[in-house]
> 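Pasting a structure below so you can have a look.
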Amino acid sequence: MTVPAPEVAATDVKPKGLGVLKAAFRERRTLAMLLLGFSAGLPFAMLIGTLNAWLDAAGVSIATIGILSWIGLFGAFRFLWSPAVGWTPPVIGRRFGRRRSWLLVLQLIIAVALALVAVSRPESGVLGPLALGAALGAFAFATQDIVIDAWRIEVADERVPIDLLSTIYQLGYRTAALAGGAGALLLADAIGWPGVFVTAALLMGLGLIGTLIAPEPQPVSREQVAKERKGSPTLRMAVLGATLLAWGWAAFMLVQFMVTALTTNPAPSAREFTTTWGPWIVAATVILPAALSGLIVWKGRAATAAEGAAPASFFDTLYDAILAPLVELMGRLGWGAVIVLCLILTYRITDGVWGPFAFPFYMGDTGGALGHTNAEVALASKTFGVIMTIVGIALGGWALLVIGRMWSLLLGAIVTSATNLLFVDLAQGAPNVHAFMSTTGLYALFGAFQIGEPLARLMLVIAGENIAGGFAGAAFVAYLSALSNRMFGAVQFAVFISLALLIGTLGRGALGEIVEIEGFASMFIIAAWLGLLAIVFVLVEWVRLGLEARKAPAA
């Protein structure tokens, strides 16, 4: 399974074909965007995906890998500290400006984090330095994503529209995913895993070049955002304080469990922690802020224009960055926001929840794992799989034009859930996949390229899963883009993506224990059932949109 790239909202301008590649080398901003996209994709691929292959080869337990994968929560909660990147770093900022200063600092931190991972020795059983490097790198690249998103939005204009920059960003990100995936696996056979991570640290220099050639954008005006504030200052401050306290508690609980799990023997049960505290964490980070935002919408109808246009305090700045986008969304959707949030939380869980266990499944030798080599997985997952993802994205774009957004969204939910059954079959010895390939002559086709039957089965299943994931991703982006308000588009889109990551990330610790006890087939069966939730919420959302469309002419 490939790690999907972060999604971005589209605009009306849609560059196609080689025009995107040509434009990338004609404009300073587009070339910088290409390199910044690479610097965003490389640490994500290395720390969220490829690192697990090293841990599996070093004999680290699947349960521990699942716990370490919780560093992905930095991506899920990055909107929490997003206001900090609006401040200009001292000394550095005087020369390079606010955005470029942050990028330089973060890219250096990422390189140091990758180097720290490189000098660790997981085969010795001492995971402290590795966990520290991985967590530091995850925090830094999640923050870098915030800055890159802000830079992209602020430098876009009619000459270099946001869609062009977003497309080039995806190109850089996918290139990094290929380098950090297939390239890393192939390189590991030649120079070993430490050398792979040292190489990745050096490749962050491409991001530094992108930062140095990137123009510093003009600061974005907050006046229009201030006019959209609802409720009294006292109410806004109270709601912001409650939200930050809830998020702080959730972060404390997660970090405390990760530290305890990595430093004590025997480690506490991730399944028990997720079962006991998981619902409370979701309530604190999602349900409570949504409910409080609804309260602001309800009480804020009587807010005066003077209150909305008052000079921004520190708390107003935090409110604008954290709660204002959610308040606007709740005000626009009303009770329909409950359906929307449920859809976002569940839509990509069926293929995202087991992402960190892909390498152990492909390369391990227990619990139904397939026992493939680094080179085979590099070919099947990180080369062939990336191509199939691009095919899926193309099919999704075509479907959006032909059958519409909601039909595409529904079809994406169905196929991503169903393709988990192909992995169930692989984990159980591949009786059905084997019969299909024998009957259709696909074994002979793969054999013509010197690909044996076991690898051919894996490539076929990965093709199905990645095409489905690319298709669903394209439909999901179109849906989220339609939901986003232009004024709050960047923040709302980041919140949407964070919510999409949240549930899957929380469930991975328990899923790792299930794999150790019951094998990989159970994991894929659970993922398939979870996909049914997304199908239900898409259907309910479709009904909601239909009712709104009927009310619109009457209004």
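Both backbone and side-chain heavy atoms feed into the values below; hydrogens, waters and symmetry mates do not.
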> Between Leu530 and Thr346, is any pair of side-chain heavy atoms under 4.5 Å apart?
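Leu530 vs Thr346: side chains apart.
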> Check residues 429-438 and write down every donor-acceptor pair under 3.5 Å in which the side-chain atom is one partner and the other belongs to a residue at least two apart or another chain.
| from | atom 1 | to | atom 2 | distance (Å) |
| --- | --- | --- | --- | --- |
| Asn432 | ND2 | Asp425 | OD1 | 2.8 |
| His434 | ND1 | Tyr443 | OH | 2.8 |
| Ser438 | OG | His434 | O | 2.9 |

> Do any N or O atoms from the side chain of Ser417 and from the backbone of Ala528 form a donor-acceptor pair under 3.5 angstrom?
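Checked: pair present.
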> Identify, with sequence neighbours excluded, every residue that meets side chain to side chain donor-acceptor pair (under 3.5 Å) alongside Ser293.
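Ser293 satisfies side chain to side chain donor-acceptor pair (under 3.5 Å) with no other residue.
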> Can you measure from CG (Leu409) to CZ (Phe476) and round to the nearest 0.5 angstrom?
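Leu409 atom CG to Phe476 atom CZ measures 7.5 Å (nearest 0.5 Å).
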> So which atom in Thr416 and which in Ala472 form the shortest heavy-atom distance, rounded to 0.1 Å?
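Minimum heavy-atom separation between Thr416 and Ala472: CG2-CB, 3.5 Å.
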> Going from CE on Met459 to CG on Asn466, what distance comes out if it is rounded to the nearest 0.5 angstrom?
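Here the interatomic distance stands at 11.0 Å.
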> Considering non-hydrogen atoms only, spot the tightest contact between Pro289 and Ala283 and give its length.
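Scanning both residues, the minimum pair turns out to be CD-O, 4.2 Å.
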> With sequence neighbours left out, write down each residue that passes ring-ring contact (aromatic ring centres under 6.0 Å, His included) with Trp542, or none if nothing qualifies.
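If we apply the ring-ring contact (aromatic ring centres under 6.0 Å, His included) test to Trp542, skipping adjacent residues, the hits are Trp407.
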> The test is side chain to side chain contact (heavy atoms under 4.5 Å, CB included); show your working for Leu185 and Leu379 and say whether it passes.
CA-CA 9 Å; Leu185 291 175; Leu379 172 64; over 6 Å; no
> Quick check for you: to the nearest 0.5 Å, what is the distance between Ile339 atom CD1 and Leu333 atom CG?
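Rounded to the nearest 0.5 Å, the CD1-CG separation comes out at 9.5 Å.
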> Could you pull out the closest heavy-atom pair between Leu36 and Gly207, with the gap in Å?
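Closest approach of Leu36 to Gly207: CD2-O, 3.9 Å.
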> Just say parallel, tilted or perpendicular for the rings of Phe361 and Phe520, cut-offs at 30° and 60°.
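Judged by the thresholds at 30° and 60°, the geometry between Phe361 and Phe520 is tilted.
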> Looking only at heavy atoms, what is the nearest atom pair of Gly336 and Arg544, with distance?
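Answer, listing the atom of Gly336 first, then Arg544: CA-CD, 3.5 Å.
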> I'd like to check Val391 versus Leu395 (side-chain heavy atoms, cut-off strictly below 4.5 Å). Are they in contact?
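Val391 vs Leu395: side chains touch.
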> For residues 33-49, which residue pairs qualify under side-chain hydrogen bond (donor to acceptor under 3.5 Å, both in side chains), counting only residues two or more places apart or in two chains?
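Applying side-chain hydrogen bond (donor to acceptor under 3.5 Å, both in side chains) to every pair that reaches into residues 33-49, excluding sequence neighbours, yields Ser39-Gln144.
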> With side chain to side chain contact (heavy atoms under 4.5 Å, CB included) as the criterion, how do Trp151 and Met33 come out once you've worked through the C-alpha distance, each side chain's angles and the decisive distance to 0.1 Å?
CA-CA 9 Å; Trp151 180 86; Met33 187 79 269; 3.7 Å; yes
> Answer whether the closest heavy-atom distance between the side chains of Tyr362 and Leu458 falls below 4.5 Å.
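They are in side-chain contact.
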> How far apart are the closest heavy atoms of Ala380 and Ile462, and which atoms are they?
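Heavy atoms only, the tightest pair is O-CG2, 3.6 Å.
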> Determine whether Leu51 and Phe197 make a side-chain contact, defined as any pair of heavy atoms from C-beta on separated by less than 4.5 Å.
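Yes, side chains in contact.
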> Under the side-chain contact (heavy atoms from CB on, under 4.5 Å) test, which residues partner Leu186, sequence neighbours left out?
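Leu186 satisfies side-chain contact (heavy atoms from CB on, under 4.5 Å) with Ala375, Ala378 once adjacent residues are dropped.
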> Flag the pair Glu376 / Ile451 as yes when at least one side-chain heavy-atom distance between them is below 4.5 Å, and no otherwise.
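No, side chains not in contact.
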> Got a second to check how far Leu533's CG is from Leu343's CG, nearest 0.5 Å?
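Answer for the CG-CG pair, Leu533 versus Leu343, is 11.0 Å.
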> Once you round to the nearest 0.5 Å, how far does CG of Leu35 lie from OG1 of Thr175?
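Atom-to-atom, Leu35:CG and Thr175:OG1 are 10.5 Å apart.
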> Which heavy atom in Val196 sits nearest to a heavy atom in Leu187, and how many Å separate them?
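Shortest heavy-atom separation between Val196 and Leu187 comes out as CG2-C, 3.9 Å.
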> Side chains of Asn420 and Glu465: does their closest heavy-atom pair fall under 4.5 Å?
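Result no, sub-4.5 Å side-chain heavy-atom pair not found.
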> Can you label the angle between the Phe44 ring and the Phe141 ring as parallel, tilted or perpendicular, going by 30° and 60°?
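The arrangement is perpendicular - the two ring planes meet at more than 60°.
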> If you round to the nearest 0.5 Å, how far is CG of Leu206 from CD of Gln107?
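These two atoms lie 10.0 Å from each other.
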> Assess, by modelled atom type and distance only, whether the side chains of Tyr479 and Glu541 contain a donor and an acceptor separated by less than 3.5 Å.
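Distance-only check passes for Tyr479 and Glu541.
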> Check ring-ring contact (aromatic ring centres under 6.0 Å, His included) between Phe38 and all other residues, then give those that pass, not counting sequence neighbours.
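Result, ring-ring contact (aromatic ring centres under 6.0 Å, His included) vs Phe38: none returned.
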> Is the shortest heavy-atom distance from the side chain of Met406 to the side chain of Leu545 under 4.5 Å?
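Result yes, sub-4.5 Å side-chain heavy-atom pair found.
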> For the pair Thr50 (side chain) and Gly180 (backbone), establish whether a donor and an acceptor sit closer than 3.5 Å, ignoring hydrogens and angles.
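Checking the backbone N and O of Gly180 against the side chain of Thr50, a donor-acceptor pair under 3.5 Å is found.
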